[in-house]
Amino acid sequence: MAFSSPSTSSQHWNAAVYAANAHFVPALGQPVLDLLQPRSDERILDLGCGDGALTEKLVALGAQVVGIDNSPDMIAAALQRGIDASVMDARALVFENEFDAVFSNAALHWIKDDPDAPIACVFRALRIGGRFVGELGGHACVGAITVALVATLERRGVKDAASRIPWYFPTAEDYEIRLRRAGFVPQSVQLIPRPTPLPTGMRGWLDTFANPFSAALPCEERCGFLDEVTALLKPILCDADGNWTADYTRLRFAAIKP
Ligand code: BEZ
């Protein structure tokens, strides 16, 4: 797993809440690790390492791994795992020509304001021949959840609620163009539907990821707001046994610095 929280988003990261409600994010990171094919002699940057749950797997494979994330709370959790991790903005990386690979899982969709900036930084950080391998939310990811959040905020009188959407969910075509424009040679860029079971239900997911929306409301209204969004989504994303599944899509890619 891994992610970052740019300062432009009002998303607030809490390592304990994340571990309770979103441990499935790193747990589902195996396919992108498989695409990376890390080797034990490699130096790898984990961009948006979060609490280091997935970074730890790279370390276990013998790679020399550095993690960065711009949430101090998540970096504190990564350091507790013994990971070499620091707080850094993915749009302003300080590394140059020094990594064999840059890996990123579930982080890049939080950088909505300038998705090209982390790509350019990664290009600079890699040695020639280095790989950029990652996964982020893809086009239409959490579409039903987003519609419910925006509609419920607007019903409560918040104007232009759509402007609060904090995520960038590109199509494969969009991301491939950005990679090429930065100088990369893409090897694969794939949009993958991945309906995702939510271990603590929709309310756990909203408590973890929907603070950019609830922040529009006074504190005393937020609980009712999230309950209303949950009720709206129940007929669509919850089965008869009470199991919730989020409407995720993933954008998985691998590219080389030539
Ligand atoms: C994720 O962690 O993959 C994610 C977070 C928020 C919205 C969609 C996906």
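Given the structure is predicted, the values throughout are model-derived calculations rather than measurements. In what follows, every heavy atom counts, from backbone to side chain, and hydrogens, waters and symmetry copies are set aside. Each ligand, and each atom within it, is numbered from 1 in the order the structure gives.
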Just say parallel, tilted or perpendicular for the rings of Phe184 and Phe132, cut-offs at 30° and 60°.
-> tilted
May I ask you to check whether Tyr18 has an N/O atom sitting below 3.5 Å from an N/O atom of ligand 1?
-> no
Qualifying ring pair (Phe, Tyr, Trp, His ring centres under 6.0 Å) pairs, either residue in residues 75-102, two or more places apart = Phe95-Phe99
Examine the proximity of ligand 1 to Arg250 and report which part, side chain or backbone, both or neither, has a heavy atom under 4.0 Å away.
-> side chain
Is it true that a side-chain atom of Glu221 and a backbone atom of Pro218 form a donor plus acceptor pair closer than 3.5 Å?
->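 No; judged by distance alone, with no hydrogens or angles, the pair does not exist.
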By side-chain hydrogen bond (donor to acceptor under 3.5 Å, both in side chains), which residues pair with Thr230, not counting sequence neighbours?
->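 Here no residue qualifies.
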Using a strict 4.0 Å cut-off to heavy atoms of Phe169, name the atoms of ligand 1 that fall inside it.
-> 7 (C), 8 (C)
At a 4.0 Å cut-off, with the gap strictly under it, does some heavy atom of Trp205 reach an atom of ligand 1?
->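 Distance cut 4.0 Å: Trp205 passes for ligand 1.
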